[in-house]
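So you know, we letter chains A, B, ... as the sequences are listed, proteins then strands, and number each from 1. Not measured: the values here are computed from a predicted model.
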There are 2 protein chains.
Amino acid sequence: MILIKDKQIDYFVTLLHKASLKATPTRIAVLKVLEKEHKPLSIAILQKRIGEQKIDTATVYRMMQSFQEKGIVRRVDLRHTHAHYELATRADHHHITCERCGKIEDIPWCDLAPIVKKALCQSVTFTQITDHTFELFGICRSCADEE
Amino acid sequence: MILIKDKQIDYFVTLLHKASLKATPTRIAVLKVLEKEHKPLSIAILQKRIGEQKIDTATVYRMMQSFQEKGIVRRVDLRHTHAHYELATRADHHHITCERCGKIEDIPWCDLAPIVKKALCQSVTFTQITDHTFELFGICRSCADEE
DNA sequence: AAGTAATTGCAAAAGATTTGCATTTAGAGT
DNA sequence: ACTCTAAATGCAAATCTTTTGCAATTACTT
């Protein structure tokens, strides 16, 4: 019997093992969705997108927590009442969210390094900066047209 | 009888009236706390700080919502499980939050205008940007020393 | 192939935020 | 000052988001 290897799955398995996490089917499925959707997803949407193989909500929450600690996902605050998560394998980048319809557009770059550096230099209390958030909010073309 | 006018209260009353909001004692008390604490506060802390005159939680939530709509307060996401609010009368600025102890330091400036502009120019979907968030996270000196 | 610690599902709890409704109150108009 | 009305408040209950305890399952090490 010939086993056809799936490059993507291999990659996820390695990713998980490097992070000292077990490569379970559930986790692979979640990573696949995150990879495919390519944008910040809420826990609820994530759970829906998995499709057939139902995953308990608590499991997804725990997974996002461990993934975040290991740097596999990034938590994004889009001013909704709940958190969003996206794969952290991509380069640092940010988003513009439409205040009306919630549409998200990627900003595929991050020019914040000098600003972060300046903030650290001027800070009295902080010796290191480990992370930052930067999100834009606006009105998208189609929502603007609706008036 | 001589009434000693309170400049601060006068200011808050005007602020509220300009926003077409009634100047109730509750609202004045909340604004006083926000002014005094001078940093982003959670609903729970806000409620505690009011002291004597107890305010219902629902009232504070509704108040923050209307204040935000009128531009009196700004909502800040500090990666806690709940929102924080601060007076928006101050110039645009940001914060560094300690990932260990939650201490907040002000960054009293905002250099993001050119970056926001660049993002809007490059955007395909968005015609205007109305707001942005920028938060830093790090480890403060005293938490770093604890090791 | 067996053993163990990590992972999962389920149920329940805890925490954050919103809503409906009856009551009170600030501020406009008289 | 007095009246009136829409806005604001308190209370209770509902809803939504996230966390936790525990027993059963499973990936991976030896």
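Atom pair A/L16:CG and D/dT26:C1' shows a separation of 15 Å (rounding to whole Å applied). Remark: P of D/dA7 and CZ of B/R27 are 11 Å apart, rounded to the nearest angstrom. One can place CG of B/D56 at 15 Å from P of C/dT24, the figure rounded to the nearest angstrom. Here the P atom of nucleotide D/dT18 and the CD1 atom of A/I55 are 16 Å apart, to the nearest Å. The nearest whole Å value for the distance from the CD1 atom in A/I45 to the P atom in D/dT18 is 13 Å. In this structure, the CG atom of A/L46 is 15 Å from the C1' atom of D/dT17, given to the nearest Å.
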Going through the checks in order, is the side chain to side chain donor-acceptor pair (under 3.5 Å) test met by B/E105 and B/H94? CA-CA 9 Å; B/E105 181 180 331; B/H94 304 287; over 6 Å; no
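B/H132 and A/F134 have tilted rings, their planes meeting at an angle from 30° to 60° on a 0 to 90° scale. Using the six-membered ring where Trp is involved, A/H93 and A/H95 have ring planes that are perpendicular, over 60° apart on the 30 and 60° scheme.
Between B/D106 and B/K39, none of the side-chain N atoms (NZ, or NE/NH1/NH2) sits under 4.0 Å from a carboxylate O, so this pair counts as no salt bridge.
Looking only at atom types and distance, the side chain of A/E99 has a donor-acceptor partner in the side chain of B/T130 under 3.5 Å away.
Checking B/T133, B/D77, B/D131 one by one against A/R79, the side-chain hydrogen bond (donor to acceptor under 3.5 Å, both in side chains) holds for a single residue, B/D131.
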Per-nucleotide protein contact along nucleotides 25-30 of chain C, 5' to 3', at a 4.0 Å heavy-atom cut-off (B base, S sugar-phosphate only, - neither), is -BS---
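In terms of heavy-atom proximity, A/L87 sits nearest to A/R74 at O-NH1, 4.3 Å.
Proximity of residues 57-85 of chain B to DNA chain D (heavy atom under 4.0 angstrom from any strand atom) is restricted to B/A58, B/T59, B/R62.
Geometrically, A/R141 does not engage B/F126 in a cation-pi contact defined by less than 6.0 Å to the ring centre and at most 45° from the axis.
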